[in-house]
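Okay, structure first, notes after.
Since this is a predicted model, take the numbers as computed values, not measurements.
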Amino acid sequence: MDLTNIDEKINNLFDSKVLPATGKKYLLTEIDKAADSYYENPTHPDQAYFSFIDTTSQEHLAAYLTGFWNGLGTPEFAGMANELSELAFILSADHQSQSEELSPFVYTMY
């Protein structure tokens, strides 16, 4: 798939769904100069890295994300699960195809 098309899909998803969901302050809109750090302890540290999610298909990933975000009480994100899983699989396939090719910028010096 053309990366320009993927960029457009990502931008559209962000503009149409992610930005409106920021009403709950998911994204910082201003810098707090008085803050020592922006680090917060994970709410669910056992689920912080998503390495345990079934990613064998887009449907499995979307179902997991929907349940996860509904469980956190964030249905505005759960509604994005199908689009996010589609984009994740497109980007993953593109990454895998790039990983198989030897970059012309790679060289060995002796």
Side-chain angles (χ1 to χ4, degrees):
M1 177 174 266
D2 181 24
L3 286 179
T4 304
N5 191 18
I6 294 171
D7 287 342
E8 288 175 14
K9 284 186 173 193
I10 292 170
N11 287 335
N12 288 338
L13 178 67
F14 187 81
D15 291 341
S16 67
K17 296 193 177 170
V18 175
L19 282 178
T22 61
K24 287 190 172 183
K25 198 177 178 185
Y26 292 107
L27 300 175
L28 294 174
T29 57
E30 297 177 359
I31 296 174
D32 181 1
K33 293 181 180 181
D36 291 331
S37 171
Y38 284 109
Y39 176 79
E40 294 180 7
N41 288 322
T43 307
H44 303 283
D46 56 324
Q47 299 176 356
Y49 300 106
F50 296 109
S51 60
F52 52 87
I53 299 173
D54 181 2
T55 57
T56 56
S57 72
Q58 289 181 18
E59 294 78 19
H60 287 122
L61 178 58
Y64 177 83
L65 291 173
T66 299
F68 178 77
W69 283 320
N70 279 330
L72 290 177
T74 54
E76 62 275 15
F77 285 127
M80 296 181 234
N82 289 329
E83 290 172 87
L84 286 171
S85 62
E86 176 188 0
L87 289 171
F89 271 76
I90 290 169
L91 292 170
S92 175
D94 184 61
H95 173 73
Q96 288 173 358
S97 69
Q98 288 179 13
S99 297
E100 295 169 359
E101 300 171 7
L102 181 60
S103 170
F105 301 106
V106 174
Y107 60 92
T108 305
M109 295 179 63
Y110 293 97

### Query
Between the side chain of Ser57 and the main-chain N/O of His60, is any donor-acceptor distance below 3.5 Å?
yes
Check your understanding: Do the charged groups of Glu86 and Lys9 touch, with an N to O distance under 4.0 Å?
Key -> yes
Item to check | Validation row: Phe89, Leu61 side chains within 4.5 angstrom (heavy atoms) | outcome: yes
So CG of Asn82 and CG of Leu13: to nearest 0.5 Å the spacing works out to 11.0 Å
Between Ala62 and Ser85 the two heavy atoms that sit nearest each other are CB-OG, 3.5 Å
Task: Side-chain touch Ile10/Leu91, heavy atoms, less than 4.5 angstrom - done: yes
Are the side chain of Thr74 and the backbone of Trp69 linked by a donor-acceptor contact shorter than 3.5 Å?
-> yes
Interatomic distance, CE@Met80 vs CZ@Phe14, rounded to 0.5 Å, equals 9.5 Å
### Task
Say whether, by atom type as modelled, one donor and one acceptor occur between the side chain of Ser92 and the main chain of Ala88 under 3.5 angstrom.
no
Between the CG atom in Leu84 and the NZ atom in Lys17, the distance rounded to the nearest 0.5 Å is 8.5 Å
Heavy atoms of Leu65 and Ala81 approach each other most closely as CB-CB, 3.9 Å
